[in-house]
There are 2 protein chains.
Amino acid sequence: MKLDRKEEIILKAAQLFKEKGYNAVSMRDLAQELGIKAASLYNHIQSKQEILEIIIMQVARDFTMHIHEVSPKPISAIQKLEEIIKMHIDLTIKKTDFLACMNNDWMHLGKEKKEIYIEMRADYEEKFREILQGGIKANEIRNSDIEIMLFSILSTLRTFYLWYAKNKNINPNILKKDLTKTLLQGVVV
Amino acid sequence: MKLDRKEEIILKAAQLFKEKGYNAVSMRDLAQELGIKAASLYNHIQSKQEILEIIIMQVARDFTMHIHEVSPKPISAIQKLEEIIKMHIDLTIKKTDFLACMNNDWMHLGKEKKEIYIEMRADYEEKFREILQGGIKANEIRNSDIEIMLFSILSTLRTFYLWYAKNKNINPNILKKDLTKTLLQGVVV
DNA sequence: GTCTATAAGGCGATAGAC
DNA sequence: GTCTATCGCCTTATAGAC
């Protein structure tokens, strides 16, 4: 699996953005990490912002695609939530840096892409909300404040890359089981 | 309640840092928001970094102080968790901008303060972990992966200012009840 | 495809007048 | 306490040689 130069640049950029944040990484920093000069980057990418756009839009599309796949399935709300949690963990493992980047630096997108991102995120949350509502109707999920349940689950899933960074050796299947249990059933006996 | 100039600068800085991130806010931006020139800021503060340090260290101390207060109380683990959740909500309401700043920009602290911050955070997590462990021993809390339970609760509490920004009119007491219920009991019926 | 050189402007911070 | 003027450095990005 050979990476072309552009992919290499984007992967390294995502790694650096995750560690220091978009604005704290200069094109000189990025170039140095790749063993070239800053000017040479511009043979492969148009601008620093383009790198950020590619990173964020790619992973935003992944999430949007997956929830639209899970949402209409003829399964219970609980089973849908289990699939979504599994999906978040898989993406956290496969695309840690991209995910961190999306979470922390989306506000540094250009005007146009930022609007698209915000819309995709709202769409994702709406699909999630519909699943919870379906669960309440079917008496699978507690009839409590839906916005709080939504935020509680989603905030943990969105920042889970922070936990994973310090626990990389865990078995993904055990992880999925334990996180699902905690998010759905809470911590009380 | 009259603010002196330094407090005014720090409050406005926290607000701007929350919106754009530390590195994306220049001293010229900050000064303009206050109706003065950038050079004038330096009569009140030593450097841009000093502003960040004051913001983050203040709220980090608040959290540390409170958990050391709750931890030794002769109450059940569940009651301790309830008090901690209440405390997070109170600080989220009272110091939204400071909290956002701490969460997003702590890595831009100078070397020395960054080390102190990381240590305070580790101490906070350790106290939290001890409370969960006590709860497991007393059979109040499920004997599941403690690190996952810790992260699940803490990640929601730490980013709760994002939710609160869009739901400012909610009654704090109802909020505390609902969030506590969701974090402790989960979402399943 | 990478290099050197450089443009054009923003950055944090200081000096000194008022 | 705020101002104007400025320093020295860093920034993204381009031009043109090799």
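Remark: P of D:dG1 and CD of B:Glu8 are 12 Å apart, rounded to the nearest angstrom.
Each side chain to side chain donor-acceptor pair (under 3.5 Å) pair with one or both residues in residues 154-169 of chain A, not counting sequence neighbours, appears once here: A:Asn104-A:Tyr161, A:Glu125-A:Arg158, A:Ser155-B:Thr156, A:Thr156-B:Ser155, A:Thr156-B:Thr156. Applying the side chain to side chain donor-acceptor pair (under 3.5 Å) rule to pairs touching residues 72-89 of chain B yields B:Lys73-B:Glu83, B:Ser76-B:Gln79, B:His88-B:Tyr124, sequence neighbours excluded. Listed by first and then second residue, the side chain to side chain donor-acceptor pair (under 3.5 Å) pairs involving residues 172-189 of chain A are A:Asp90-A:Lys176 (not counting sequence neighbours). Sorted by first and then second residue, the side chain to side chain donor-acceptor pair (under 3.5 Å) pairs with a member in residues 56-71 of chain A read A:Gln58-A:Lys95, A:Asp62-A:Lys95, A:His68-A:Asp123; sequence neighbours excluded.
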Expected string for nucleotides 4-18 of chain C under the B/S/- scheme (protein heavy atoms, under 4.0 Å, primed atoms plus P, OP1, OP2 as sugar-phosphate) is B------BBBBB---
In residues 11-21 of chain B, what donor-acceptor pairs under 3.5 Å come from side-chain atoms, sequence neighbours left out?
from: B:Lys18; atom 1: NZ; to: B:Asp97; atom 2: OD1; distance (Å): 3.0

